[in-house]
Amino acid sequence: MKRTEINELLKTTEAGHKINVKGWVRTKRGSKNVSFIALNDGSTINNIQVVVEMNEENDKLLERIHTGAALSVDGMLIESAGSGQRVEVQATKLEILGEANPNEYPLQPKKHSLEFLREKAHLRYRTSTFSAIGRIRHAMIFAIHKFFNDRGFYNVHSPIITGSDAEGAGEMFQVTTLDLENMPKNPDGKIDFSRDFFGKAANLTVSGQLEAELAALALSKVYTFGPTFRAENSNTTRHLAEFWMIEPEMAFYDINDDMDLAEDMLKYVIDYALEHCMDDLLFLSKRLEEEEKNKKADERSMELIEKLRFVLDNPFERITYTEAIDILKNSNHNKKKKFQYLIEDWGADLQSEHERYLVEKHFKKPVILTNYPKDIKAFYMKQNDDGKTVRAMDVLFPQIGEIIGGSQREEVYSKLADRMAEMHIPEESMWWYLETRKFGTVPHAGFGLGFERLMLFITGMGNIRDVIPFPRTPQNLEF
RNA sequence: UCCUCCUUAGCUCAGUUGGUUAGAGCAUCUGACUGUUAAUCAGAGGGUCGUAAGUUCAAGUCUUACAGGGGGAGCCA
């Protein structure tokens with residue numbers, strides 16, 4: 001018989017027909033005459049209840065069925081005689097597809113710590129929490145593609161292996177086919193990369209932005225959505241060595257158009273999650289609420305769905321770096337010396353604590369900071385006429401901090417070339433990028449959204465290692 | 001990379017000012033129960049207290065080193 005997925009079964013309004021269902025056992029409860037199995041196949045957070053009448057044959061099978069076992073069940077879909085669910089499956093034939101030895105299977109029908117599950121990453125998808133995150137992650141990927149497609153953007157595949165080492169976004173992972181035990185050397189003792197696969201040193205990309213700019217200067221509106229690699233020794237709840245980034249790039253956009261797009265996109269995907277992932281969000285919300293109970297009253301945060309709606313319904317606050325410095329400098333927090341790094345002079349980079357103060361204490365909503373000092377930002381950002389600032393824009397979210405970093409790009413050849421020289425970026429490695437400013441240059445802008453940081457916000461999870469199936473972080477490559 | 005905390009049963013945790021035989025819930029096994037909802041009730045098995053060394057009459061408890069993990073900071077998305 002053809003299998004029906006559990007989300008379909010639970011939606012059924014007409015009961016009383018024969019079906020087949022397959023899935024993994026979440027719990028089994030028994031009494032003298034009847035046993036109940038909660039079965040889940042990942043199509044929904046909800047389980048279907050399988051009812052098994054006790055007889056000699058079923059007794060033997062049930063002894064081998066424990067949490068984690070895979071089953072195929074033929075039976076009648078009927079209205080439930082119990083009160084916890086609308087429909088259930090009255091089993092006529094049970095088949096064990098795969099047993100799970102209860103003395104070895106690590107997952108139990110109870111709450112496990114996220115730390116424990118991280119060490120069981122090969123099985124954690126089978127928990128309610130991680131299957132919910134998996135489904136939401138898919139929905140967000142789809143929503144992002146839909147958002148851009150509906151607005152006439154083209155998706156571009158930027159390269160994963162790159163020969164450019166001047167993107168300046170962070171430490172890079174080297175890619176080589178040279179024999180590490182026996183590296184070819186030049187007469188001066190340095191490694192001879194002309195003998196390497198590409199004839200030069202190669203790395204994994206840290207950003208697709210520069211390539212996206214090339215595409216935008218022909219296709220007008222493009223976006224990348226691909227893996228990104230940073231070899232920084234970052235050990236935090238919001239950094240990964242391998243993460244997915246969305247980088248739209250638009251010709252004829254200025255910084256204000258860029259901010260509008262960023263805000264629209266974030267609101268669109270939040271709305272999409274509320275529309276399509278409510279079951280999973282409600283589960284994660286309940287889970288969070290239980291965790292929050294253990295916290296002090298003033299450390300508790302807004303309920304997950306309420307928080308998503310709040311961001312959706314309120315315009316983001318847009319202020320300049322200079323205005324932010326004034327707010328921080330004159331804040332009681334600064335005067336009472338509650339910041340670890342006190343704000344004194346214009347020009348300093350903002351610390352996490354300052355960003356959090358602006359978002360969580362002062363404005364109490366997402367903030368877009370613009371026009372940063374040029375010395376703390378990348379070489380490609382559009383220089384303002386004041387000679388001090390650039391048209392950068394960072395979107396700051398509660399709890400997460402920077403979720404988007406973007407800017408209008410410098411389109412004037414001479415200004416870009418001068419800035420590269422000032423920052424010691426070798427022109428010969430970036431000649432192709434500079435040429436776009438030589439031929440038919442136009443104002444353009446773009447931004448980068450860290451996909452896992454978006455996932456942190458949508459799911460309310462606290463650690464970025466829990467919103468990507470197989471996290472890559474320093475000293476960790478087990479799965 | 002820096003600072004800080006944690007490691008006790010398969011899992012989550014308790015373990016007093018160092019003191020006799022290290023506890024609980026869940027899970028597992030046995031039994032009871034006419035439909036349960038992370039079922040319930042009764043009983044059983046399960047631990048060289050992360051590893052190594054030290055202090056002490058005595059260490060799960062104190063000290064040091066190492067390992068694994070968490071949180072915070074920096075770098076950023």
Q: Ignoring hydrogens and angles, answer whether the base of B:G10 and the side-chain atoms of A:Q108 contain a donor-acceptor pair closer than 3.5 Å.
A: yes
Q. Roughly how far apart are A:I425 CD1 and A:M420 CE, rounded to 0.5 Å?
A. 5.5 Å
(Q) Using atom P in both nucleotides, what's the gap between B:U51 and B:G68 to the nearest angstrom? (A) 15 Å
Q) Taking the same atom, C1', in B:U21 and in B:C6, what whole-Å distance lies between them? A) 29 Å
Q: Tell me, yes or no, whether the heavy-atom count around A:Y154 atom OH, taken from other residues, nucleotides or ligands under 6.0 Å, exceeds 12.
A: no
Q. What integer distance in Å separates A:F243:CZ from B:C75:C1'?
A. 12 Å
Q) How far, in whole Å, is B:G15 from B:G74 if one measures between their P atoms? A) 34 Å
Q.
Nearest to the side chain of A:E402, heavy atoms from C-beta on, is which of B:A77, B:C26, B:G74?
A. B:A77
Q.
Among A:R391, A:K382, A:R419, which residue satisfies the salt bridge (Lys or Arg N to Asp or Glu O under 4.0 Å) criterion with A:E410?
A. A:K382
Q. Under the 3.5 Å rule, do the base of B:A77 and the side chain of A:R230 count as making a donor-acceptor pair?
A. yes
Q: Examine A:Y125 together with A:F130 and report whether their ring centres are nearer than 6.0 Å.
A: no
Q.
Any side-chain to backbone donor/acceptor pair from A:H145 onto A:F225? Under 3.5 Å, distance only.
A. no
(Q) Could you check whether the side chain of A:S234 and the base of B:C75 have a donor-acceptor pair of N or O atoms closer than 3.5 Å, going by distance alone? (A) yes
Q. Listed in order of residue number, which residues of residues 132-143 of chain A have a non-hydrogen atom at under 4.0 Å from RNA chain B?
A. none
Q | Nearest to side-chain heavy atoms of A:F116, which nucleotide of B:U12, B:A73, B:A77 | A | B:U12
Q. Within a reach of under 6.0 Å around CZ of A:F479, are more than 12 heavy atoms found that belong to other residues, nucleotides or ligands?
A. yes
Q | Under 4.0 Å protein heavy-atom contacts per nucleotide of nucleotides 32-41 of chain B, with B for base, S for backbone only and - for none | A | -BBBBBBB--
Q: Nearest whole angstrom, please: distance from the C1' of B:A77 to the CZ of A:F229.
A: 14 Å
Q: Could you please name the option among B:G68, B:C75, B:U28 that lies closest to any side-chain atom of A:P102?
A: B:U28
Q) Is there a donor-acceptor pair closer than 3.5 Å between any side-chain N or O of A:N40 and the backbone N or O of A:T44? A) yes
Q) For B:U55, what is the paired nucleotide under Watson-Crick or G-U wobble rules, both distances under 3.5 Å? A) none
Q. Can you find a donor-acceptor pair, distance only, under 3.5 Å between A:H112 side chain and B:C11 base?
A. no
Q.
Give me the distance, rounded to whole Å, that separates B:A39 from B:C3 when you measure between the P atoms they each carry.
A. 47 Å
Q) Relative to A:Y268, does A:R151 satisfy both conditions: NZ or CZ under 6.0 angstrom from the six-membered ring centre, and within 45 degrees of the ring's axis? A) yes
Q. Taking the C1' atom of each, how far is B:A27 from B:U55, in whole Å?
A. 40 Å
Q.
Can you confirm if the NZ or CZ of A:K388 lies within 45° of the ring axis of A:W346 and under 6.0 Å from the centre of its six-membered ring?
A. yes
Q.
Could you tell me how far apart A:L107 (CG) and B:U12 (P) are, to the nearest whole angstrom?
A. 11 Å
Q: Would you verify whether the NZ or CZ of A:K221 falls within 45 degrees of the ring axis of A:Y253 while also being under 6.0 Å from that six-membered ring's centre?
A: no
Q | Residue A:N103, side-chain heavy atoms: nucleotide from B:G69, B:C76, B:U28 that is nearest | A | B:U28
Q) When rounded to the nearest Å, what value does the distance between P atoms of B:G46 and B:U4 take? A) 42 Å
**Q.** First encountered from the 5' end of RNA chain B, between A:P106 and A:E63
**A.** A:P106
Q: Count the heavy atoms of every other residue, nucleotide or ligand shown that sit under 6.0 Å from NE2 of A:H157, and state whether that count exceeds 12.
A: no
Q | Whole-angstrom distance between B:C62 and B:G71, as gauged at atom C1' | A | 25 Å
Q) Taking the same atom, C1', in B:U8 and in B:G25, what whole-Å distance lies between them? A) 15 Å
Q: Select one nucleotide: of B:C11, B:G71, B:A73, the one nearest the side-chain heavy atoms of A:T237.
A: B:G71
Q: Consider the side chain of A:L240, meaning its heavy atoms from C-beta on, and name the nucleotide among B:A77, B:G68, B:G71 that approaches it most closely.
A: B:A77
Q.
My understanding is that a pair needs two contacts under 3.5 Å, Watson-Crick or G-U wobble. By that rule, which nucleotide pairs with B:G50?
A. B:C66
Q) Want to settle it: does A:N463 or A:M245 sit nearer the 5' end of RNA chain B, counting the closest nucleotide to each? A) A:N463
Q) With a 4.0 Å cut-off on heavy atoms, is A:N235 in touch with a base, just the backbone sugar-phosphate, or nothing at all? A) base
